[in-house]
Trainee: 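Here it is, the structure, as structure tokens.
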2 protein chains.
Amino acid sequence: MSLPHAILTALLERPSSGLELTRRFDMSIGYFWSATHQQIYRELGRLETQGHIRALPAEQPARGQKKAYEVLPAGRAELARWTAEAQDPKPLRDTLLLRLRAAAVVGTAGIEDDLRRHLTLHERQLAEYREIEARDFGPDRDTAQDRLRHLILRAGIDLETFWTGWLTHALEEFGRLPDASRPRGE
Amino acid sequence: MSLPHAILTALLERPSSGLELTRRFDMSIGYFWSATHQQIYRELGRLETQGHIRALPAEQPARGQKKAYEVLPAGRAELARWTAEAQDPKPLRDTLLLRLRAAAVVGTAGIEDDLRRHLTLHERQLAEYREIEARDFGPDRDTAQDRLRHLILRAGIDLETFWTGWLTHALEEFGRLPDASRPRGE
DNA sequence: CTCCATTGTGCAACTAGTTGCACAATGGAG
DNA sequence: CTCCATTGTGCAACTAGTTGCACAATGGAG
């Protein structure tokens with residue numbers, strides 16, 4: 001039940017059409033809540049019938065025509081309610097760790113390359129976050145809003161730092177695993 | 001498509017019944033791939049019809065009766081195939097970060113308590129992982145299997161370290177936010 | 001003018017995960 | 001013996017997310 005709230009947040013930051021939202025999800029909100037354009041359109045429909053958002057008046061809102069939405073007071077209230085609500089952290093589900101555990105049983109053949117690939121991806125993401133930080137968060141931008149957003153970006157940076165560090169360590173370990181002792185059969 | 005592979009891994013480590021699997025998911029595999037007992041039973045059924053596992057011979061495998069499964073060669077092969085396969089890291093979806101972003105727009109009221117609660121939960125999890133590390137990974141246990149499992153546990157420890165560190169930092173920031181400047185209205 | 005790539009919106013079917021139950025076997029308390 | 005908590009297995013309905021398309025409008029290339 002988080003996608004509607006992600007959309008409400010994005011629309012409060014700036015009223016947008018479905019496609020604009022999709023782009024913004026790809027660039028910024030999507031760093032911690034990804035969504036496809038199909039999900040977004042579906043949810044926009046729901047939010048509209050619930051009276052949480054409304055289409056901005058426009059001429060001819062037909063298919064293939066930009067239709068921008070803005071948040072109504074009810075939507076803002078719902079977002080505030082949801083934000084303040086206590087929520088448990090959802091348990092981790094990570095395929096890579098699972099695969100490593102499987103590799104401990106069926107053998108590590110093949111997985112090393114993919115670890116390396118993941119490392120590259122995470123390094124790239126980290127670099128991107130660092131650029132954003134350098135660009136958007138100078139010491140001058142220091143309102144409460146800026147600080148909160150910086151905090152969120154920091155989480156992204158720290159997470160990617162964790163992954164790159166851990167993957168580097170993992171690859172070192174793999175290098176040290178004596179070939180003969182690599183798990184394989186029963 | 002990871003749950004079946006999580007189950008195959010667990011069953012290779014030790015043949016088990018549905019309930020035993022459920023318990024093991026709560027304790028160990030579940031740290032990075034959680035699943036409910038309903039999911040597990042459903043998947044056991046599928047894996048059995050696919051010929052990846054089979055029920056260990058037992059008298060009277062009726063309802064309410066323990067039924068243990070073991071992995072067949074086809075299942076092991078499938079797990080090895082899946083493990084070696086390249087897979088993209090799935091994009092992050094984190095509610096807490098999303099809520100923080102929402103808070104930057106609708107106000108931070110209420111969220112601070114929950115950050116504190118999350119901090120406690122993550123500290124607890126971290127302590128648990130550290131205990132496991134101290135108990136199960138002495139310098140003596142040093143086969144390739146041990147090293148891989150230790151690596152996985154390390155990921156858990158580092159992740160929880162990230163969260164506790166970041167949450168602590170976030171709460172400090174919140175303390176510094178001048179009440180007056182906390183975002184609220186439009 | 002015509003075609004075709006691009007932009008924009010959306011439906012339908014599917015897969016994965018969650019929630020809420022149902023019900024059988026077992027063993028100990030009374 | 002009877003009841004009831006516990007252990008164990010499972011179905012059904014639902015929610016959330018993914019995949020694969022369809023189709024309308026627009027504008028520039030030819």
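In the text below, chain A, chain B and the rest are named by the order of the sequence lines, each starting its count at 1.
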Trainee: Rounding to a whole Å, what distance do you find between A/Arg46:CZ and D/dG17:P?
Mentor: 9 Å
Trainee: Do A/Glu48 side-chain atoms and A/Ile53 backbone N/O form a donor-acceptor pair below 3.5 Å?
Mentor: no
Trainee: Strictly below 4.0 Å: does A/Arg42 bring a side-chain N or O up to OP1 or OP2 of C/dA12?
Mentor: no
Trainee: Looking at A/Lys67, does any N or O in its side chain come under 4.0 Å of the phosphate oxygens OP1/OP2 on C/dG10?
Mentor: yes
Trainee: Between A/Ala35 and B/Arg23, which residue's closest nucleotide on DNA chain D lies nearer the 5′ terminus?
Mentor: B/Arg23
Trainee: Who is the Watson-Crick or G-U wobble partner of D/dA29, with both distances under 3.5 Å?
Mentor: C/dT2
Trainee: So, is A/Gln39 near the phosphate of D/dT18, with a side-chain N or O under 4.0 Å from OP1 or OP2?
Mentor: yes
Trainee: Could you tell me which nucleotide pairs with C/dT9 by Watson-Crick or G-U wobble geometry, both distances under 3.5 Å, or answer none if nothing does?
Mentor: D/dA22
Trainee: Quick one: does any side-chain atom of B/Tyr129 pair with a main-chain N or O of B/Gln125 as donor and acceptor, under 3.5 Å?
Mentor: no
Trainee: Answer whether the closest heavy-atom distance between the side chains of B/Leu121 and A/Pro89 falls below 4.5 Å.
Mentor: yes
Trainee: Both B/Tyr41 and A/Gln38 contact DNA chain D. Taking the nearest nucleotide for each, which residue is further toward the 5' end?
Mentor: B/Tyr41
Trainee: Who does D/dG17 pair with, Watson-Crick or G-U, both distances under 3.5 Å?
Mentor: C/dC14
Trainee: Reckon B/Arg93 has a side-chain N or O less than 4.0 Å from the OP1 or OP2 of D/dA16?
Mentor: no
